[in-house]
Amino acid sequence: MTRALVFDSGVGGLTIADALRKAAPDWLVDYAADSGFFPYGVKSDEELRERLPRLCAALVDHAKPDVLVIACNTASTLSLVDIRERVKVPVVGTVPAIKPAAEQTKTGVIGILATPGTVRRAYLDDLERQFAVGKTVIRRGSAGLVDIAERAVRGQAIDQEQVAYAVKPMFDPPDGPRIDIVVLACTHFPLIREAIAAACPPGVRLIDTGEAVARQAVRVAPQTRRPEGEAIAYVTGGTANKAAMTPAFARFGYAQIEVIDV
Ligand code: DGL
């Protein structure tokens, strides 16, 4: 049995953990939420660069996975290389699905909905240069949507007006009304997919990376034979965060929750 560790700043990576469980039903999929340092999307690059490799190394040391999945675009687009250098297991990242969006758009205009951190990354410029030549890409960063998703999974109602306030400006630039595909480039966003879809003009399609990341994890994970056990959810930031995260973890099938402090 293969043991995976899926990691994000909060609840967003649970969408990837779900996709991984579907792709590899016999795996144990552990989860780690860096709730003590949430949200990543408004942190400086320096802060994240300092924390992410160190945190991932500590998590891998503790949880001993066969594969580490960075289920966070904000972290992957900044620190994937540094994390790979620090840990000894295969590391799978999550990056915006620009390639499939560029292949599938009919109008030639795609929207990227992400955190404020992800939209300013050089990594995104590279993806566009590589995969979206001749296409128009409109980026929209929102920390508010991350917050709405985080609270929704913990059981709070979604305020559709706030979602619209965050999403609508993506369609304001001259080419905005021609957007036919929006890339959900933050793993929190599939958790409020219906609300985001309702804030977009009719006919706009939303795509995310959950299944692609899960497939990649299955491809790179070494085959191991390990004793069976229960999947564990780890959380940083002390027992208050454990209590706050328990409903979200429960919804995704995690009963065993451990506080880990880094
Ligand atoms: N879920 C993360 C992502 O995919 C970021 C959320 C946050 O701002 O912490 O980018």
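Note: hydrogens, waters and symmetry copies are ignored here, and every other heavy atom, side chains too, is used. Start at 1 and go down the list; that is how both ligands and their atoms are numbered. Bear in mind the structure is a predicted one, so any value in this text is a computation, not a measurement.
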Flag the pair E50 and R54 as a salt bridge only when some basic side-chain nitrogen lies within less than 4.0 angstrom of an acidic carboxylate oxygen.
yes

Taking all non-hydrogen atoms of both residues into account, name the closest pair between T107 and R178 and its distance.
OG1-O, 2.6 Å

Which atoms form the tightest heavy-atom contact between A152 and I192, and what is the distance?
CB-CG2, 4.0 Å

Please write down residue, atom name and distance for the protein heavy atom closest to [atom].
atom: atom 2 (C) of ligand 1; answer: C72 SG, 3.3 Å
atom: atom 8 (O) of ligand 1; answer: G41 N, 2.7 Å
atom: atom 5 (C) of ligand 1; answer: T74 OG1, 3.5 Å

Mind checking whether V146 contacts ligand 1 via backbone (N, CA, C, O), side chain (CB onward), both or neither, at a 4.0 Å heavy-atom cut-off?
side chain

Which is closest to atom 6 (C) of ligand 1 by heavy-atom distance: A71, S35, S9?
S9

Quick check: do [X] and [Y] have side-chain heavy atoms less than 4.5 Å from each other?
X: F38; Y: V11; result: no
X: V146; Y: C186; result: yes
X: V67; Y: W27; result: yes
X: H188; Y: S9; result: yes

Considering the heavy atoms of [X], write down every atom of ligand 1 situated less than 4.0 Å from one of them.
X: T115; result: 5 (C), 8 (O), 10 (O)
X: T187; result: 1 (N), 2 (C), 3 (C), 4 (O)
X: F38; result: 9 (O)
X: D8; result: 1 (N), 2 (C)

